[in-house]
Chemist: 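Pasting a structure below so you can have a look.
Worth saying up front: this structure is predicted, and the values here are computed from it rather than measured. Counting starts at 1 for both ligands and their atoms, in listed order.
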Amino acid sequence: MDTSLKQKRGLQTTVGFKVVMAFSGIVLVIFVLFHMYGNLKMFFGAESYNHYAEWLKHDLLYPILPHGWFIWIFRICLLLFLLGHAGAAACLFLRNRRARGSQYKVTKGSKKKVPLASRTMKIGGIFLLIFIVFHILHFTALAIQIGGDYHALTPYERMIVSFTPDNWASVAALVVYTAAVAFLSFHVWHGAFSALATLGAARTGAQPFLRGLAALCGLALLIGFLAPPYAIAFGFIS
Ligand code: HEM
């Protein structure tokens with residue numbers, strides 16, 4: 001094949017991966033913002049939080065869909081977006097590495113040339129993937145039970161026992177959740193602006209606003225996600 005045609009195709013593929021990453025990333029940010037908002041219901045008491053958890057799992061979109069269907073459709077879509085996002089990121093990483101040929105020419109100090117934000121995005125992304133598996137085993141599958149017998153507890157009580165630091169596992173959970181939320185906040189702060197730029201929204205005039213919006217999302221996630229666990233840990237919610 002002609003070299004320029006090959007290069008053009010290569011560029012189109014790279015742009016394609018970037019668009020997949022940007023679009024799936026924005027959908028995932030919307031999900032985490034809703035999830036964070038839902039968790040804040042912990043501050044409104046047991047009845048409010050348990051009712052919300054029940055509605056989410058069994059009654060959302062009922063009677064348009066039968067009881068409990070929505071959550072499964074939602075989970076499948078979420079998984080596809082997550083796979084699309086992580087898969088496109090991995091493909092872009094491999095293409096960049098191949099283009100640079102850096103696996104063959106490792107020069108002294110070459111690591112320093114990769115910006116800190118970009119390295120943190122990669123490490124953070126991998127950490128978040130591992131965290132999501134742990135998190136689903138913890139709160140959704142109830143296979144990891146921290147602080148009590150989850151099958152005998154309501155969703156509100158599961159949150160309370162998970163983050164009441166009266167045993168080593170709950171202290172560890174607090175540390176793991178704090179790290180995950182910190183990585184997520186950084187990931188969204190840096191990723192949201194790039195995603196909007198890829199999708200063509202970051203025209204010169206709009207850039208300061210979009211950068212501010214991305215930073216605000218990151219900060220809101222940090223404060224909003226960590227507020228319930230720390231309120232539990234310090235005894236404000238019990
Ligand atoms: C302090 C932080 C967080 C807390 C306390 C928390 C709490 C919860 C709880 C209680 C559930 C179970 C809902 C249920 O099945 O009844 C859940 C599900 C879930 N969370 Fe989180 N979460 C946190 C952070 C995150 C983060 C950072 C992410 C993603 C990066 C995330 C992604 C998910 C996902 C994908 C589910 C599964 C939804 C489902 O299919 O049921 N969570 N979370």
Side-chain angles (χ1 to χ4, degrees), residues 24-44 46 48-61 68-86 89 121 123-148 150-151 153-165 170-189 191-192 217-234 236-237:
S24 54
I26 286 173
V27 173
L28 292 169
V29 169
I30 294 170
F31 162 72
V32 282
L33 283 170
F34 269 105
H35 183 16
M36 178 220 52
Y37 172 76
N39 287 0
L40 290 176
K41 287 204 172 281
M42 282 297 294
F43 288 103
F44 295 95
S48 169
Y49 185 80
N50 287 335
H51 179 261
Y52 163 73
E54 180 69 17
W55 170 80
L56 206 63
K57 262 197 175 157
H58 302 288
D59 296 337
L60 191 53
L61 287 195
W69 275 40
F70 172 79
I71 190 74
W72 281 105
I73 296 170
F74 176 78
R75 282 171 178 163
I76 292 165
C77 293
L78 205 58
L79 185 66
L80 291 178
F81 280 115
L82 195 65
L83 290 177
H85 192 70
M121 288 295 278
I123 296 166
I126 294 166
F127 181 85
L128 281 172
L129 279 180
I130 299 168
F131 164 76
I132 289 168
V133 175
F134 159 77
H135 183 47
I136 287 175
L137 288 174
H138 177 203
F139 275 130
T140 303
L142 313 184
I144 298 173
Q145 307 198 1
I146 299 169
Y150 283 16
H151 294 285
L153 299 175
T154 63
Y156 182 85
E157 289 165 340
R158 281 178 209 142
M159 284 278 272
I160 300 288
V161 296
S162 292
F163 299 114
T164 302
S170 296
V171 175
L174 210 53
V175 172
V176 170
Y177 275 82
T178 304
V181 170
F183 273 124
L184 176 73
S185 163
F186 184 85
H187 207 81
V188 168
W189 173 27
C217 282
L219 193 67
L221 289 169
L222 184 74
I223 297 171
F225 262 134
L226 290 184
Y230 278 89
I232 294 167
F234 287 104
F236 296 113
I237 305 178

Chemist: Does one side chain, of Tyr150 or Ser162, offer a donor that lies under 3.5 Å from an acceptor on the other?
Modeler: yes

Chemist: Going through the checks in order, is the side-chain contact (heavy atoms from CB on, under 4.5 Å) test met by Tyr49 and Phe43?
Modeler: CA-CA 8 Å; Tyr49 185 80; Phe43 288 103; over 6 Å; no

Chemist: Can you tell if the side chain of Leu28 reaches within under 4.5 Å of the side chain of Leu78, non-hydrogen atoms only?
Modeler: yes

Chemist: List every atom of ligand 1 that sits less than 4.0 Å from any heavy atom of Asn39, numbering the atoms from 1 in the order shown and giving each element.
Modeler: 3 (C), 4 (C), 5 (C), 6 (C), 7 (C), 22 (N), 23 (C)

Chemist: For Pro229, take its heavy atoms, then give the atoms of ligand 1 lying under 4.0 Å from any of them.
Modeler: 1 (C)

Chemist: For N/O/S atoms only: which one belongs to His135 and is nearest atom 21 (Fe) of ligand 1?
Modeler: NE2

Chemist: In the protein, what heavy atom is nearest to atom 37 (C) of ligand 1, and what distance, to one decimal place, separates them?
Modeler: Thr140 OG1, 3.7 Å

Chemist: Tell me: protein heavy atom nearest atom 34 (C) of ligand 1, and distance?
Modeler: Phe31 CZ, 3.8 Å

Chemist: Considering heavy atoms of the protein only, find what lies nearest to atom 40 (O) of ligand 1 and give residue, atom and distance to 0.1 Å.
Modeler: Arg75 NE, 2.5 Å

Chemist: May I ask you to identify the nearest protein heavy atom to atom 1 (C) of ligand 1, giving residue, atom name and distance to one decimal place in Å?
Modeler: Phe225 O, 3.2 Å

Chemist: Numbering the atoms of ligand 1 from 1, which are under 4.0 Å from a heavy atom of Leu184?
Modeler: 27 (C)

Chemist: Any idea which part of Phe131 is under 4.0 Å from ligand 1, heavy-atom wise: side chain, backbone, both or neither?
Modeler: side chain

Chemist: Are His187 and Phe183 an aromatic pair, judged by ring center distance below 6.0 Å?
Modeler: no

Chemist: Can you find a protein heavy atom under 4.0 Å from atom 13 (C) of ligand 1?
Modeler: no

Chemist: Enter the distance from Leu137:CG to Ile144:CD1 here, rounded to the nearest 0.5 Å.
Modeler: 4.5 Å

Chemist: For atom 29 (C) of ligand 1, find the nearest protein heavy atom and state the residue, atom name and distance (0.1 Å precision).
Modeler: Val32 CG1, 3.8 Å

Chemist: Using a strict cut-off of 4.0 Å, indicate which atoms of ligand 1 neighbour a heavy atom of Met159.
Modeler: 5 (C)

Chemist: Phe74 and Phe31: aromatic ring centres closer than 6.0 Å?
Modeler: yes

Chemist: Considering only the protein, which heavy-atom contact is closest to atom 11 (C) of ligand 1, and what is its distance?
Modeler: Phe139 CB, 3.6 Å

Chemist: Any heavy-atom pair between the side chains of Cys217 and Trp189 that's under 4.5 Å?
Modeler: no

Chemist: Taking only heavy atoms of Tyr49, which atoms of ligand 1 are found under 4.0 Å from at least one of them?
Modeler: 10 (C)

Chemist: Closest non-hydrogen protein atom to atom 15 (O) of ligand 1, residue and atom name please, with distance?
Modeler: Lys57 CE, 3.3 Å

Chemist: Could you tell me whether Met36 approaches ligand 1 through its side chain, its backbone, both or neither, with non-hydrogen atoms closer than 4.0 Å?
Modeler: neither

Chemist: To the closest 0.5 Å, what do you measure between NZ (Lys57) and OH (Tyr52)?
Modeler: 12.0 Å

Chemist: Are His51 and Tyr156 linked by a side-chain donor-acceptor pair shorter than 3.5 Å?
Modeler: no

Chemist: How far does OG1 of Thr178 sit from CZ of Phe163, to the nearest 0.5 angstrom?
Modeler: 8.0 Å

